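Every chain is numbered from 1 and lettered A, B, ... according to where its sequence line falls, protein lines coming before strand lines. In this text, all values refer to a predicted model and were calculated from it rather than measured experimentally. Heavy atoms only: backbone and side chains are in, while hydrogens, waters and symmetry mates are out.
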Amino acid sequence: MPSKRIPVVAGWFTEDGTEEDFRLLGTRCPLCSSVFFPPQKGLCRNPGCTGGELAEVPLSRHGTVWSYTDGRYRPPAPYLSDPEVPWEPYTLVAVELAAERMVVLGQAAPGVGVGDLAVGMTVEAVPGVMDAGPGDDGAVRTTWHWRPVAAGSSGGAA
Amino acid sequence: MSGDVAVLGAGMHPWGKWGRGFVEYGTVAARGALADAGIEWRDVRSVVGAGTVRGGYPGYVAGATFAQALGWQGARVTSVYAACASGAQAVNTARAQILAGMADVVLVVGADAAPKGFFAPAGGERPDDPDWLRFRVLGATNPAYFALYARRRMALHGDTPEDFALVKVKNAAAGALNPNARYRAAVSPEQVAASAVVADPLRLLDICATSDGAAALVLSSMDFARRHGASDPVRIRAVSTVTPTYPKAVLDLPDIATDSAVAVEPSPMSFRGSIARAAYEEAGIGPGDLSLAEVYDLSTALELEWYEDIGLCAPGEGAALVRSGATALGGRIPVNPSGGLASFGEAVPAQAIAQVCELTWQLRGTAGERQIPGARAGITANQGLFGHGSAVVAVR
Ligand SMILES: [Zn+2]
């Protein structure tokens, strides 16, 4: 029986549907259109705006790499990681979303290393799982990953 | 100038890994500052403690903790916390009390006993805390953020890892001359290049360690300083404690995303740049008036950003400035003559106070082998987690 899947944080991304349907979920101000991620609850943070309750909005699937790095050492708790398993570096990508005019962090999809990335490269948000494996509750934690679009063909520094 | 307060005394407990508690370090630094000032503890009318989150409850109420350790004497007490900017908040609180006439003489103390390795957030399940979330969801350590800036500089400005290493080499050379520094050995570019990659492109020797340490200042009104016989003391002329402006377009710890710039155009000046600008405006001086600067070199690459943010060079020219030797001891505008975080390691609430201690000794002309000849004005700059600006201008 496959492991139960629960999001690492509820409400930050879509949980069902196909990979093509996958989106990060932010919130948007009904008055000034400012977007917030992680999804801000309540009121707009634009100091010049008196907008009302923020509403959920899916973020752009595609963005361009603002910067990137990797983690060569195991991060401390509360990062979910099995200390029994040798540490595998993960890649961290900061991605600029043109429509939202913001930068969103995320881990890169499995197998994508810093050598596969370049500032300005186009990437897309895809569903992924945290690499810690099933937790004490037997469930895997789902998350979002950034993955180069047509890896190897859209690189180049900006 | 009527807004000046005098620095009567400066003291430190040397940085290191000493295996003792932060209260002991802070008490040693406080006694050092009081002795330097020639002030009796019982004559101090206010004590301000910069808090630490790593010392349990006594760390949260640092002002009272240090007052108790020095011996209760009934002074006004304040405890402040603002992450890496805690020390500047403490200095600013003391300054405000002095300028408001609430106290003539104020003792400022910050101390930490730091754990080994990455700074980690407080325990428990706290999904409403951005600092908890960035570790939980992304495993984004502090060096990961420093590395994102470093890679961005490489892509935008053509900086190289060799440029970053020059900062470490420079700061290690200065720190070797500082008895309060934790690391007192020269470092070569080859040693930096041979150290392990922590977060590409940054290596272990590009990233500051975490340390035990303490720093303290005795501040007073200019009138009190004159009555006390200090006719020409070092003066604190400005303290900048500004927040960013919306939308903040650069990722900072512990952000998972920047603000959106859909509705409002971001300021052309970065948050770090605005911290220094507020300090310059309040002090009525500019970067051209500086003899030295102490900036928060959490990483080597970040020191290059600070050069640009405090106006020592144009954006993108930080690497050229360090290559020119201008920011080394003996250069046109030495930066981190103390050795910086590269030589100290971070003792969070003490660090911004330690920066002012270095300005004080340099401006007095008592910095020994590190002395910058004829130093007249200096700036400190740093940035606390979640948007606490921190910069101090001192003059003589
Ligand atoms: Zn709004």
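- The backbone N or O of B/V262 sits nowhere less than 3.5 Å from a side-chain atom of A/R101 that would complete a donor-acceptor pair.
- Using a 4.5 Å cut-off between heavy atoms, B/L202 does not touch chain A at all.
- In terms of modelled atom types and a separation under 3.5 Å, the side chain of A/T69 and the main chain of B/L148 share no donor-acceptor contact.
- If you measure heavy-atom distances from B/A150 to chain A, you find no contacts under 4.5 Å at all.
- Heavy-atom distances place the side chain of B/V264, and not its backbone, under 4.5 Å from chain A.
- In this structure, the portion of B/P266 lying under 4.5 Å from any heavy atom of chain A is its side chain and not its backbone.
- In this structure, the portion of A/V114 lying under 4.5 Å from any heavy atom of chain B is its side chain and not its backbone.
- In this structure, chain B has heavy atoms under 4.5 Å from both the backbone and the side chain of A/W66.
- Of the atoms belonging to A/R74, it is backbone heavy atoms, and not side-chain ones, that fall under 4.5 Å from chain B.
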What verdict does the side-chain hydrogen bond (donor to acceptor under 3.5 Å, both in side chains) test give for A/S34 and B/Y246, after you've listed the backbone C-alpha separation in whole Å, the side-chain angles of each residue and the deciding distance to 0.1 Å? CA-CA 11 Å; A/S34 289; B/Y246 183 91; 3.1 Å; yes
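- Put simply, the side chain of A/D70 gets close to the backbone of B/D200: a donor and an acceptor are under 3.5 Å apart.
- At a 4.5 Å heavy-atom cutoff, the contact between A/F36 and chain B is made by side-chain atoms alone.
- Here the shortest heavy-atom pairing between A/E100 and B/S260 reads O-OG, 2.8 Å.
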